[in-house]
Amino acid sequence: MPEQQESEEIRKNLGEWKKETLQPTLDRFPERREEFITTSSEVVNRLYTPADLDGSSFDEEIGYPGLYPFTRGVHPTMYRSRQWTMRMFAGFGTAEETNQRFKYLLKQGQTGLSVAFDMPTLMGFDTDAPEAEGEFGRCGVAISSLKDMEMLLDGLPLDQVSTSMTINSPAAIIWAMYIAAAENQGVKRDQLRGTLQNDILKEYIAQKEYIFPPDPSMRLVTDTIAFGSREVPLWNTISISGYHIREAGSTAIQELAFTLADGFEYVRWALERGLEIDEFAPRLSFFFNAHNDFFEEIAKYRAARRIWAKEIRHTYQAKNPRSWLMRFHSQTAGVSLTAQQPEINIVRVAVQALAAVLGGTQSLHTNSMDEALALPSERAATIALRTQQIIAEESGVINSVDPLGGSYYLESLTNKMEKQAYAYFEKIQDLGGVLPAIEVGFFQGEISDSAYRYQREIDQQVRQVIGVNAYLDEKEPEIPLLKMDPEGFRNQVSRINKVKQDRDQGRVGQKLDRLRIACQGTENTMPHILEAVHAYATLGEITEVMKDMFGIYREENWI
Amino acid sequence: MGNSQTKIRVLIAKAGLDGHDRGAKVVARALRDAGMEVIYTGLRQTPEMITEAALQEDVQVVGLSILSGAHMTLVPKVIKMLQKQGLTDVKLFLGGIIPDEDKSELTKLGVDGIFGPGTSTQLIIEDIRKACQ
Amino acid sequence: MPVTRTQAVLNGERLALTRTLSQVENNTPEGNQILEELFPHTGNAHLIGVTGAPGTGKSTLVNQLAFDYRHPPEGTKPPTVAIVAIDPSSPFSGGALLGDRVRMQDLAGDPGVFVRSMASRGSLGGLASTTAGLVQVFDAAGFDIILIETVGAGQAEVEIASLAHTTIVVEAPGLGDEIQTFKAGILEIADILVVNKADKPGADNALRALRNMLSLTQPEKNVVMHHGKMMSTEEAPAGDAEPDQEWVPPVLPTTATTGDGVAELIEQIAAHQQHLKTSGGWILREQARLKNEVGNLLQEALHQRWNSSIPPADYEKVLDQVVSRQISPRRAVDKLIKGAGL
């Protein structure tokens, strides 16, 4: 960035500083460690100067917020105009219980809803399926039919709130239920705002909650993108997620590279479907992890925005600037929470949340301190939300846009991560693209290696985790944990039975048959899923039809 | 030929519907690096599948990873089935987020060890070695 | 005790079977005793070796083969199937990660199937005789089909697969520009060649390349292909290689993930078995296999005996002399054998 002459001057002075000032100090006080590394095991230099930014141009690489390449943020004024959406992920037990929690959160000042589903729902099973035994409502809400969705959304202003739904393999079905429930409430499709996670690629790569093989799964995703861009224009049909890649043990660079590679893959599929890039790209959204290493995380978000803008503009030829900009949700790192001394998780979450805000996030979920032990209690969730409010209202970090921009360390780290991401893109390309790379277990292997290295660093005390291998506390944690309603399961099963009794069986059969035909051919499945959902076909029944037509997937390569 | 050699054989299984296999894989690799032979079963194993694999592989140890919260349903089943197959000498270890009140109940049922979040792999290796002596 | 366990294995009791497999694998005196008693009851199973480079989808193919064997056309009695899946041990820790079961989940819950994973542990000879032992236990326990799966990455694994009556070499498209078998040199041992992942681009090319390769090598290779690696051309009886009785290894496409082509593979396996029986090849293979096993065991035993007779210090001393170039390695061996009192 600095001019030639200036740069030479800096190098000269730096050399002098090293000799005259640094070395004598090092001789007397050696540094505490031979090497300082980030959470991702990347080595960090002692000092960064303008010399580290040689060759990068301010306008092309950093520039201005709201302008290409959006390194400094997607809006010119960022949080001075509008704060990020404080979106707390919630869901447990029955639809009624979660509905109550949503109403509570809205009253506490939360500005968006975020639905967590239970394992059977995520895997396309109804609560009463044998596979679902023991899993009801444990890590989210159970939604088996439109009836449950109606209870979940009862009394919520669907034309005003935006709703994020963390669902992947059965995303099309759950989204159809949301649309149908809204329509039954009198809210039209084109008024609905929200985000569907719908990111199947990272399921194969990291979270492993897949049902169908990659090809038909990608077809379903493309169906929702195509349907959304025409019928539900305010909805983000996909949230391309690095979060789970990171939670599975990846480094920050792997999170960045794999997520963007997935994003480009979705773009290619939509283009092949015949959609115009500017027709759908503005509705693609992202979801990143906010982990411990403050600067590494901020650099990750900035590099992500820049790479996305460059590629969508130049490689994929988007003309609309709205297509170029990457909007993302973030969540603090679940894996960083400790079961030991759980209260100190509040501090971890605060640091991580601050990184997400300084990295320019559009919405944020802050984890609750008790999440390494159980689902968050109401009290813990409130503290987590308050953490965001303190950052927004008291810390002052939002007064200036991208206040860390121009930091030698941060900018150099941003450049480095961008380069490292491109190196990964090349590797993926060499393997034949994202799907072939999944098939040979490339991503899975990389993540597994990183996870193992991280654990070894902890076990060998290279890395300190407070409460786990440093500053231990003998006292067992005593914080009140969330208790599940033991009646929930029975209520849910009887509701499924009642739905099945009350509905028009002939109509259900007919709609499912029609869906079967759609799955077999190439037409968009969404309208047929909607019809089946409206007829109160259950999640399990619809998934069963799709399993029949698409087959099921199993991971072949595991390390 | 007199050169008999025994190795600790461990089955690492993911039970329940969730796909979070980070911990299971890290533990599997750590045990391998500690010289054990580790049989990995993959995701979503039912108690029947776990018991069958434990029998066929004649492992001394079964390590179950459960993060979905379904442990109180799945673990008692695994224990019962292992007993039914005559595998009463097989040690059963558990990894995952297990609340304290469940821990004591599971230990009573015959679980030999429970490794919660933050457990070091050395501790897991040591406990397995001790159990196999 | 051993007697009752032997009887239990013969009765097909799974707990006794699995414990016996461990005893044999660990080379315990009890294991050897049981093996002794089981041996007269062996010789009935069809041993099928499956080998190929990593990434060819061998385990998935083995899974599908076993599944199809267990689900024959209506009215046919399904054969029972045992699988020995061999993976390498870590040379550093001696541990192993055995993950083949991940790809064999379709077989779960079937009492007519038994899957056993095995780490390669020590030496080639050791592995070969351990595998042979495991196979004998399964054979005596009444399993009709025994599939032996090895990673065809090195000569060791290749030789183990070639101990079978029928050896299948698995290839897959897109593993690189060249067909892997060319490099590994395992084409010679194949009775059946399979191009798995036939739904992937490049499968046709791989099929064509293998067929070409085969037609080129056919004239010189036929004897070797009859008997596997361990029998040299001179040892083979001349009358066996009549042109009309020659087995030409078929090249088959399969897609193990969908099961496409597996029925044809099973047909070819049966045809090969038929061929061996009518051509006399079956007996020759049995002989070769057992001869090989005795050879391996003998080698191991002699090595053991020598090893236990020589003081480690003497061994070190002789090695030092070699290192300091006082004596040659050959001279060292001479000295060591004499020193061991042989």
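Chain identifiers are assigned alphabetically (A, B, ...) following the order of the sequence lines, protein sequences preceding nucleic acid strands; residue numbering begins at 1 within each chain.
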Dump the intermediate steps for side-chain contact (heavy atoms from CB on, under 4.5 Å) on Tyr40(B) and Leu97(C), then the final yes or no. CA-CA 7 Å; Tyr40(B) 184 70; Leu97(C) 276 179; 5.7 Å; no
Given salt bridge (Lys or Arg N to Asp or Glu O under 4.0 Å), test Lys7(B) with Glu25(C) step by step and report yes or no. CA-CA 10 Å; Lys7(B) 291 253 173 208; Glu25(C) 189 182 5; over 6 Å; no
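Note that CD1 of Ile12(B) is 12.0 Å distant from CG of Leu98(C), once rounded to the nearest 0.5 Å. Annotation: the span from Arg14(C) atom CZ to Glu52(B) atom CD amounts to 6.5 Å, rounded to 0.5 Å. Distance OG/Ser117(C) to CD/Glu37(B): 10.0 Å, rounded to 0.5 Å. The structure places CZ of Arg116(C) at 9.0 Å from CG of Leu55(B), a figure rounded to the nearest 0.5 Å. Atom CD of residue Glu57(B) and atom OG1 of residue Thr18(C) lie 7.5 Å apart, to the nearest 0.5 angstrom. Taken from CG in Leu15(C) to CG in Asp58(B), the straight-line distance is 7.5 Å, to the nearest 0.5 Å.
The nearest pair of heavy atoms linking Gln105(C) to Gly42(B) is NE2-CA, 4.2 Å. Across Gln56(B) and Val113(C), no two heavy atoms sit closer than the pair NE2-O, 3.4 Å. The two residues Ser93(C) and Arg32(B) come nearest to each other via the heavy atoms OG-O, 2.8 Å.
Interface remark: Met36(B) contributes backbone atoms only to the contact with chain C (heavy atom separation under 4.5 Å). For Phe114(C), the parts sitting under 4.5 Å from any heavy atom of chain B are the backbone and the side chain alike. Proximity to chain B is absent for every atom of Val24(C), based on heavy atoms less than 4.5 angstrom apart.
Counted within 6.0 Å of CD on Gln122(B), heavy atoms from surrounding residues, nucleotides or ligands total more than 12; the atom is thus considered enclosed.
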